[in-house]
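Data first, discussion second: the structure below is written as structure tokens.
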Protein chains: 2
Amino acid sequence: MSSTRDEIIETAAELLETQGYRATGLNQIVEESGAPKGSLYYYFPGGKEEFSTEAINKVAQEIKERIETSLAEIEDPDEAVEAFILRIAHHVRTSNFLKGGPITTVALEAVTTSERLNEACRETYDLWQSAFAEKLVQSGFSQARAKRLAALIIASIEGAIVLSRTNRSVAPLEYVAAELKLLLQTTPE
Amino acid sequence: MSSTRDEIIETAAELLETQGYRATGLNQIVEESGAPKGSLYYYFPGGKEEFSTEAINKVAQEIKERIETSLAEIEDPDEAVEAFILRIAHHVRTSNFLKGGPITTVALEAVTTSERLNEACRETYDLWQSAFAEKLVQSGFSQARAKRLAALIIASIEGAIVLSRTNRSVAPLEYVAAELKLLLQTTPE
DNA sequence: GTCTATACGGTGATAGAC
DNA sequence: GTCTATCACCGTATAGAC
């Protein structure tokens, strides 16, 4: 129940979201977290790769729960997904386009960098996709269709976040929200 | 018409696609391009940021033309977009999931790193989006709707590439291709 | 558990000879 | 145009005192 340990993970998660893996330095984490410098390798013998993996896993769980609770608030899947995406848009805007897509940069970096991080990212996306698919199945979509639609939802959100942060405008996220809403309004198959 | 200059840009483009900006070192570019080490700052006084910007602009044009020619081959927009995405899937697979989304990583890194790179990425996405939107307008969609749909197409492709590379499977790209095809089959509004 | 100091490699960039 | 040498800096990681 070390508070220091948690602080490191929490700070790492934030920096990974805004900067990515390579750009996030140990010194910066120590500085911003206020954690004692000497304790980093005490808590995480595996170094940068280890606490980054833990940071990803933590974020994975948090977002998964956010997806579930958000989708549970509205019965119609099209409106539920729309509302969820607009929440993300708000998050991106209020962060001044510094946040959003907490593991996207790391996921791309990990492909050529770290098998361990890559695996953590893979599991994270699976987790999120399952959360969306479950809602769609409950709404009457077949398992197969729900899986495809969930992939589209995750993919388009991730991509729209890239576009929104790059353009410093949440318009891409709003467009995606509107179009996905239309697609999900069709009769479930 | 310097061949050396072009080699540097070409190599930079490839490395930026697979590794991103921060991970791509000057030494690596010199080594893989076969360019004389001393000529890097001769051709690009602005250093890393400068030739990276040129690499992005070059890729932007190439992909734009690939979008246009690919979409021109098939009249129906739903089938045309599907075919284009499946071509990307092939590209991602044959690269062993090392390539795809040539500027995605750089775009995310640029938000907190380089105003110049950020601008280049912004223009690139605009260029690609316009290419899709034009095809949709020709197919009977309104300007406004075409713009939204183009944003969804770009976003979902970008995101699906992230998922596909992370999962070492082109399934996400295939799912997105199938679902976008369905969405575009609806009567143009 | 935490501190300080340090090792060691790599980075982008520059200088000056040729 | 190109080469070589070198710069100052930053990164991760480790050692050893306390």
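Predicted model, so just to flag it, every value in this text is computed and none were measured. Chain A is the first sequence line, chain B the second, and so forth, proteins listed ahead of strands; every chain is numbered from 1.
The side chain of Y41(B) contributes an N or O atom lying less than 4.0 Å from OP1 or OP2 of dA13(C). At the phosphate of dC3(C), neither OP1 nor OP2 sits under 4.0 Å from any side-chain N or O atom of K37(A).
Between the side chains of T4(B) and Y43(B), no donor N or O sits under 3.5 Å from an acceptor N or O.
One atom, CG of L15(A), and another, C1' of dT12(D), lie 16 Å apart when rounded to the nearest Å. L40(B) places its CG atom 11 Å from the P atom of dC3(D), with the value rounded to the nearest Å. Spacing between atom CG of L26(A) and atom P of dT12(D) amounts to 4 Å, rounded to whole angstrom units. Atom C1' of nucleotide dG10(C) and atom NZ of K48(B) are separated by 12 Å, given to the nearest angstrom. As rounded to whole Å, 15 Å separates atom C1' of dG12(C) from atom CD1 of I8(B). In this structure, CZ of F44(B) is placed 16 Å from P of dT14(C), rounded to the nearest angstrom. The nearest whole Å value for the distance from the CD atom in E50(A) to the P atom in dT14(D) is 12 Å. For I29(A) and dG11(D), the CD1 to P distance is 11 Å, given to the nearest whole Å.
Summary of the strand contacts: Y43(B) and A23(A) both lie near DNA chain D, and taking for each the nucleotide with the nearest heavy atom, the more 5' one is attributed to Y43(B). Comparing P45(A) and N27(A) against DNA chain D, the residue whose closest nucleotide sits nearer the 5' end is N27(A). Along DNA chain C, the nucleotide nearest A35(A) and the nucleotide nearest R22(A) are compared for position; the residue whose nucleotide lies closer to the 5' end is A35(A).
Distance from the side chain of Y42(B) is smallest for dG1(D) among the nucleotides dC3(C), dA13(C), dG1(D). The listed nucleotides are dT11(C), dT12(D), dT2(C); the one nearest the side chain of T4(A) is dT2(C).
The shortest distance between side-chain heavy atoms of Y125(B) and I103(B) falls below 4.5 Å.
With sequence neighbours left out, T53(B) forms a side-chain contact (heavy atoms from CB on, under 4.5 Å) with N57(B), R116(B), L117(B), A120(B).
Annotation: cation-pi geometry not satisfied between K147(B) and Y175(A) (NZ/CZ under 6.0 angstrom from ring centroid, within 45° of ring axis).
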Donor-acceptor contacts, no H, no angles, side chain residues 176-183 of chain A, under 3.5 Å, sequence neighbours left out:
unit_1: E179(A); atom_1: OE1; unit_2: R145(B); atom_2: NE; d: 3.4
unit_1: E179(A); atom_1: OE1; unit_2: R145(B); atom_2: NH2; d: 2.7
unit_1: E179(A); atom_1: OE2; unit_2: R145(B); atom_2: NE; d: 2.8
unit_1: E179(A); atom_1: OE2; unit_2: R148(B); atom_2: NE; d: 3.3

